[in-house]
Amino acid sequence: MIKQNDTTQLLPWQRVWVTGASSGIGKELCKALCSLGVTVIASARSTAKLDQLIVETKNEPGTIISAPLDITNNQAIEECLANLARNNSFPDLAILNAGTHDPFSADQFCSARAKALINTNLYGTINCLDPLLRYYHEQNSGHIAVVSSAAGYSGLPTAAAYGASKAALINLCESLYLDLKKTNIKLQLITPGFVKTPLTDRNQFTMPSLISSHRAAQLIIKGLTSNSFEIRFPKLFMYTLALLKLLPYSLYFKVISTVIK
C-alpha cells in the first residue's frame with residue numbers, strides 16, 4: 001500500500017480527472033487520490049452517487065469536485081473540459097476509466113448489445129481523448145491513462161463484445177504512445193485482471209486471481225508514478241494470460257476453458 005507521507009512527494013499532479021467515478025475502480029481511485037491531498041474532478045452519469053462520494057471524502061486532505069457527465073455525449077465532454085480550462089483547473093492527469101460490461105454468450109449475441117458496449121467503452125474513451133489531446137498539445141504537457149482489461153488480450157467466454165472494445169483500446173493506446181513519444185504528453189495503459197466491482201459481479205464464472213477495487217486503485221496510483229507504458233495486475237495472472245496467447249489455438253482454448261469455468 002502507498003503511504004501518504006512518502007507518496008505526496010512523488011505525485012506530480014495537483015488535479016486529476018477520473019471518469020466512471022461513481023463505483024468500482026473509479027470510485028476507489030477518487031477516494032485514494034483524495035486521501036493523498038489531490039483535487040479530483042469526478043465524472044459519472046449519476047449526480048447522486050457523486051454527491052455521496054463527496055460526503056465519504058469530506059474529511060480527507062484533498063477535494064472532490066463533482067462533474068456529472070455521459071462520455072457518449074461529445075458536446076457535454078467539450079463543455080466540461082472547456083469550463084475547467086476557463087477556470088484554470090484543467091486536470092494534470094486524466095484517468096479514462098468509464099466503461100460498462102454486458103456479458104452474453106454466442107446464443108444470446110445481439111448487435112444492439114454489442115454496439116452499446118463498444119459505444120461506451122471505445123467511442124466514449126475516444127470522445128474524451130479528442131479535447132484532452134488538443135489541450136495537452138497546446139500546452140505541450142499532460143498525462144493520460146486509459147483503463148482497458150485483460151479481456152482485451154485474448155478471447156474469453158461471454159466477452160465477445162466487451163473483449164473487442166478493450167482490445168481496440170489497447171491497440172489505440174499503443175499507436176498513440178508511439179505518436180506521443182516525442183512530446184511531453186505521457187500516455188499509459190491500465191490493464192487490470194479480474195477486479196471485484198458491480199460490473200464483474202455480472203460474470204457467471206469463477207474469476208481467477210480476483211482482487212478488490214481498493215487494491216486495484218492502490219496499484220494503479222503506484223503505476224502512474226512510474227515510467228511504464230502498461231500498468232497491469234495482478235502480475236502473475238496477467239503474465240500468464242499474455243503467455244497463453246502464444247500457444248496454438250487448440251491448446252489455448254483448452255486451457256481457457258479449464259481455468260475459467
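The figures that follow rest on heavy atoms only: side chains count, while hydrogens, waters and symmetry mates do not.
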For [X], is the [atom1] atom crowded, meaning more than 12 foreign heavy atoms sit under 6.0 Å from it?
X    : atom1 : answer
Q14  : CD    : no
Y135 : OH    : yes
K186 : NZ    : yes

Would you indicate whether the side-chain heavy atoms of W17 and L93 approach each other to under 4.5 Å? no
Over 60° means perpendicular and under 30° means parallel, so classify the ring planes of F109 and F104, tilted if in between. perpendicular
Mutual orientation of the aromatic rings belonging to H143 and W13 [parallel < 30°, tilted 30-60°, perpendicular > 60°]: tilted
Can you get from L132 to F229 by hopping between Ile, Leu, Val, Met, Phe, Trp and Tyr side chains that sit under 4.5 Å apart? yes
Could you tell me whether the side chains of E60 and S35 share a donor-acceptor contact shorter than 3.5 Å? no
Is the closest side-chain donor-acceptor distance between D107 and S105 under 3.5 Å? yes
Listed once per pair and sorted, the salt bridge (Lys or Arg N to Asp or Glu O under 4.0 Å) pairs that draw on residues 71-84, sequence neighbours left out: E78-R134
Sequence neighbours excluded - salt bridge (Lys or Arg N to Asp or Glu O under 4.0 Å) pairs with any residue from residues 109-122: D102-R113
As a quick check of understanding, evaluate side chain to side chain donor-acceptor pair (under 3.5 Å) for S89 and N87, giving each step before the final call. CA-CA 5 Å; S89 55; N87 292 309; 5.0 Å; no
Between CG of D70 and CG of N127, what distance do you get to the nearest 0.5 Å? 9.5 Å
With a 4.0 Å cut-off on N to O distance, would you call K27 and E56 a salt bridge? yes
So that I can tick it off, tell me whether R15 and D92 are bridged by a salt bridge, with the cut-off set at under 4.0 angstrom between side-chain N and carboxylate O. yes
Quick check with a 6.0 Å cut-off and a 45 degree axis cone: is K245 positioned over the face of Y252's six-membered ring? yes
